[in-house]
Amino acid sequence: MKLTINGEPREVAVNDEAATVADALDALGLGDARVATALNGAFVPAPSRADAALSPGDAMEIVAPMQGG
Amino acid sequence: MPVFYGTEVASPLMLGTAGYPSPRILADAFRASGAGIATVSLRREAGGGQDFLRLVEGLGVRLLPNTAGCHTAREAVTTAHMARELLGTDWIKLEVIGHADLLAPDVFQLVEAARALSGDGFKVFPYCTEDLSVCDRLLDAGCEVLMPWGAPIGSGLGLNNLHGLRALRAAHPDVPMVIDAGIGLPSHAAAAMEMGFDAVLLNTAVARAGDPVAMAGAMAQAIRAGAAARAADPMEPREMAVPSTPVLGKAFLS
């Protein structure tokens with residue numbers, strides 16, 4: 001499925017018919033990573049990732065703690 | 001030691017985690033500083049996030065995530081929710097930037113975001129100006145800590161508006177206040193503590209010093225000195241000289 005992941009257009013290997021945010025994280029190798037997610041600008045809490053359905057063209061943000069002041 | 005939202009922290013020094021020459025120097029600087037709180041941001045995971053998380057969780061300090069770089073209340077609120085989930089803390093350093101060159105807070109969006117987040121159970125640490133009416137609105141919005149800037153982020157200019165900061169401190173003597181941003185030298189940090197602020201949050205002054213670990217130690221000493229001076233009730237300055245040596249008993253020699 002064509003998605004925008006962290007601002008970059010990507011082809012992500014998930015089922016076009018029934019993909020979720022959780023599936024996309026798995027496909028990107030981040031299934032076990034400590035990250036937070038947003039879909040089209042809205043926060044998707046971890047317990048809701050398996051229910052957050054993806055459509056082609058969706059924008060997903062995947063963030064982690066980084067250097068900050 | 002400062003108490004934020006009912007939690008006492010180990011030190012009045014809060015230290016940022018950005019811009020150090022290496023992870024090792026970051027860790028050594030934290031040890032030298034004795035800081036009780038480390039600030040972190042949330043950024044797109046590009047491979048380094050997991051290592052960084054291990055590094056900061058190994059510092060043995062409390063983590064305070066920020067919403068740095070957010071320009072709208074909506075962005076900041078979403079970022080705060082992501083941070084709460086990731087780090088398991090309801091503390092959030094709320095930044096909503098209004099001006100790109102000065103990194104000045106957008107105080108209107110800030111108050112809006114502070115109200116929304118306080119309603120969602122967050123304990124908000126707002127990066128704000130020293131404007132009294134803005135600070136009053138932040139308190140009304142549910143903030144129990146204020147973090148007025150000393151000067152623009154990363155500028156190292158120190159405390160730009162001494163009168164405004166004194167007025168704010170005097171207006172709300174019981175509200176924990178942190179000078180956030182603008183500190184360049186230990187003397188700036190000491191001055192903030194002498195004025196009665198509860199803590200100082202700084203980053204660039206340590207991270208970009210030639211020797212960050214030595215500067216972290218210098219900041220810790222300055223903050224300790226400033227706090228001790230405040231507790232010792234400093235003398236009032238005056239315009240005219242007053243001899244400190246007694247006049248009585250001086251020999252008549254002319």
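Chain identifiers are assigned alphabetically (A, B, ...) following the order of the sequence lines, protein sequences preceding nucleic acid strands; residue numbering begins at 1 within each chain.
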Restricting to non-hydrogen atoms, name the atom on [X] and the atom on [Y] that form the minimum distance, rounded to 0.1 Å.
X     : Y     : result
B/L86 : A/V63 : CD1-O, 3.7 Å
B/A18 : A/G69 : CB-N, 4.4 Å
B/M82 : A/F43 : CG-CD1, 3.5 Å
A/P65 : B/L87 : CG-CD2, 3.9 Å

From B/E45 atom CD to A/L30 atom CG, the distance as rounded to the nearest 0.5 Å: 6.0 Å
Distance in Å, B/N66 CG paired with A/M66 CE, rounded so as to fall on 0.5 Å steps: 13.0 Å
For [Y], does its backbone N or O pair with a side-chain atom of [X] as donor and acceptor, under 3.5 Å?
X     : Y     : result
A/N6  : B/A46 : no
B/Q50 : A/A33 : no
B/T39 : A/G68 : yes

Tell me, yes or no, whether the heavy-atom count around [X] atom [atom1], taken from other residues, nucleotides or ligands under 6.0 Å, exceeds 12.
X      : atom1 : value
A/E11  : CD    : yes
B/R208 : CZ    : no
B/Y5   : OH    : yes
A/D32  : CG    : no

Chain B contact via A/I5 - side chain, backbone, both or neither, heavy atoms under 4.5 Å: neither
Heavy-atom pairs under 4.5 Å with chain A, option from B/R44, B/M14, B/R43, B/R84 with the top count: B/R44
Side-chain heavy-atom pair B/S41, A/Q67 within 4.5 angstrom cut-off: no
Which atoms of B/E95 approach chain A - backbone, side chain, both or neither, heavy atom under 4.5 Å: side chain
